Number of protein chains: 2
Amino acid sequence: MPDAEGHPAPEDMELGKIFAALADPLRRKVVLTLLQEDGETPRACGTFGMPVAKATRTHHFRVLREAGLIFQVDRGNGRLSSLRRAELDQRFPGLLDLLMHEGAREAAKTEANKTAAAET
Amino acid sequence: MPDAEGHPAPEDMELGKIFAALADPLRRKVVLTLLQEDGETPRACGTFGMPVAKATRTHHFRVLREAGLIFQVDRGNGRLSSLRRAELDQRFPGLLDLLMHEGAREAAKTEANKTAAAET
DNA sequence: CTTTAGGTACGATGCAAGTCGTACCTATGA
DNA sequence: TCATAGGTACGACTTGCATCGTACCTAAAG
């Protein structure tokens, strides 16, 4: 049963919704950013550099929230998002590690490309 | 670069496609079945009990194949599917364990429901 | 109080995905 | 050889998703 803001309880999270949410590269990047920043400091929705309109951003964050990936708290002006790390590790063990692994892999690949370009 | 039958090499597999493929419950069930059967014995496409038309089944198996989740071999009449277990464990460590974990969880929940119904 | 910044709600649109029926292909077996 | 079973190819339909513009809301700043 989700709460008033639409956050599902861990036992109500569905793997299908999690996968569907993470299938989109923009949303995956948001989760990865939160994951890598490691900070418990939540970030404002607008600070992720998503190259889309405001309305679209709201849509993506809703998908992430309703899947159970992020927790959003209303701070009057602005809304802060944080990763539901502990609950996700408990409910879907290995999921966040998988994302982290892939993030590192892509970073390495990008770095390799830059190096190759510099050597041209 | 995929081969002639559309199987991508491990380094060409994309997490986005994997997640998109596994977002569908029918496809997730196919992978889970292969995962649990543990057998190296590949199964024919028609033996998974998918409640859809033949053409739809072909579609789902193509998505799984092009994402890199399954390997299909043409056996003249009939086509056998097997899980690309080793490659997936290498490329996306933790993914199959995550699926297995969720499969066990759902099986337990279903069992609990049946028990509760029997006690009514 | 007015402005401004961050987000949401709503409606519209274009595109991709899941579904199916039908026709066709290929081996196996009678 | 002919029928049958398992799959694919193609086209069509429907639904859902990502996207956006616009209007609106709320709090902080001036």
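All values reported here derive from a predicted model rather than from experimental measurement. Labels below follow one simple rule: chain letters A, B, ... track the order of the sequence lines, proteins then strands, and each chain is numbered from 1.
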Quick check for you: to the nearest 0.5 Å, what is the distance between [X] atom [atom1] and [Y] atom [atom2]?
X: Glu14(A); Y: Glu106(B); atom1: CD; atom2: CD; answer: 9.0 Å
X: Leu64(A); Y: Leu34(A); atom1: CG; atom2: CG; answer: 9.0 Å
X: Leu26(B); Y: His60(B); atom1: CG; atom2: NE2; answer: 5.0 Å

Centroid-to-centroid, Phe48(A) to Phe61(A), below 6.0 Å?
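Between Phe61(A) and Phe48(A), which both carry aromatic rings, the centre distance is below 6.0 Å.
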
Next on the checklist: Are more than 12 heavy atoms, taken from residues, nucleotides or ligands other than Arg75(B), located less than 6.0 Å from that residue's CZ atom?
Outcome noted: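 Incorrect, the count does not exceed 12.
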
Using whole Å, report how far CG of Leu26(A) lies from P of dC17(D).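 After rounding, the gap between these two atoms is 16 Å.
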
Using atom CE of Met50(A) as one end and atom C1' of dA18(D) as the other, report the distance to the nearest whole Å.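 For the pair Met50(A) CE and dA18(D) C1', the rounded distance is 11 Å.
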
Hey, is the side chain of [X] poking within less than 4.0 Å of OP1 or OP2 on [N], counting only N and O atoms?
X: Arg27(B); N: dG18(C); result: yes
X: Thr56(A); N: dC20(D); result: yes
X: His60(B); N: dA17(C); result: no

Please enumerate all protein N or O atoms sitting under 3.5 Å from an N or O of nucleotides 5-9 of chain D, with distances to 0.1 Å.
{"unit_1": "dG6(D)", "atom_1": "O4'", "unit_2": "Asn77(B)", "atom_2": "OD1", "d": "3.3"}
{"unit_1": "dG7(D)", "atom_1": "OP1", "unit_2": "Cys45(B)", "atom_2": "N", "d": "2.8"}
{"unit_1": "dG7(D)", "atom_1": "OP1", "unit_2": "Gly46(B)", "atom_2": "N", "d": "3.4"}
{"unit_1": "dG7(D)", "atom_1": "OP2", "unit_2": "Gly46(B)", "atom_2": "N", "d": "3.3"}
{"unit_1": "dG7(D)", "atom_1": "OP2", "unit_2": "Arg57(B)", "atom_2": "NH1", "d": "3.3"}
{"unit_1": "dG7(D)", "atom_1": "N7", "unit_2": "Lys54(B)", "atom_2": "NZ", "d": "2.9"}
{"unit_1": "dG7(D)", "atom_1": "O6", "unit_2": "Lys54(B)", "atom_2": "NZ", "d": "3.1"}
{"unit_1": "dT8(D)", "atom_1": "OP1", "unit_2": "Arg79(B)", "atom_2": "NH1", "d": "2.7"}
{"unit_1": "dT8(D)", "atom_1": "OP2", "unit_2": "Thr58(B)", "atom_2": "OG1", "d": "2.9"}
{"unit_1": "dA9(D)", "atom_1": "OP2", "unit_2": "Arg62(B)", "atom_2": "NH1", "d": "3.4"}

| query | Is Glu102(A) paired with Arg91(B) through a side-chain N to carboxylate O contact shorter than 4.0 Å? | reply |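 A salt bridge is present here (some side-chain N lies under 4.0 Å from a carboxylate O).
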
Check: dG18(C), dC20(C), dT19(D): which one has an atom nearest the side-chain heavy atoms of Val52(B)?
Finding: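 So the nucleotide nearest the side chain must be dC20(C).
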
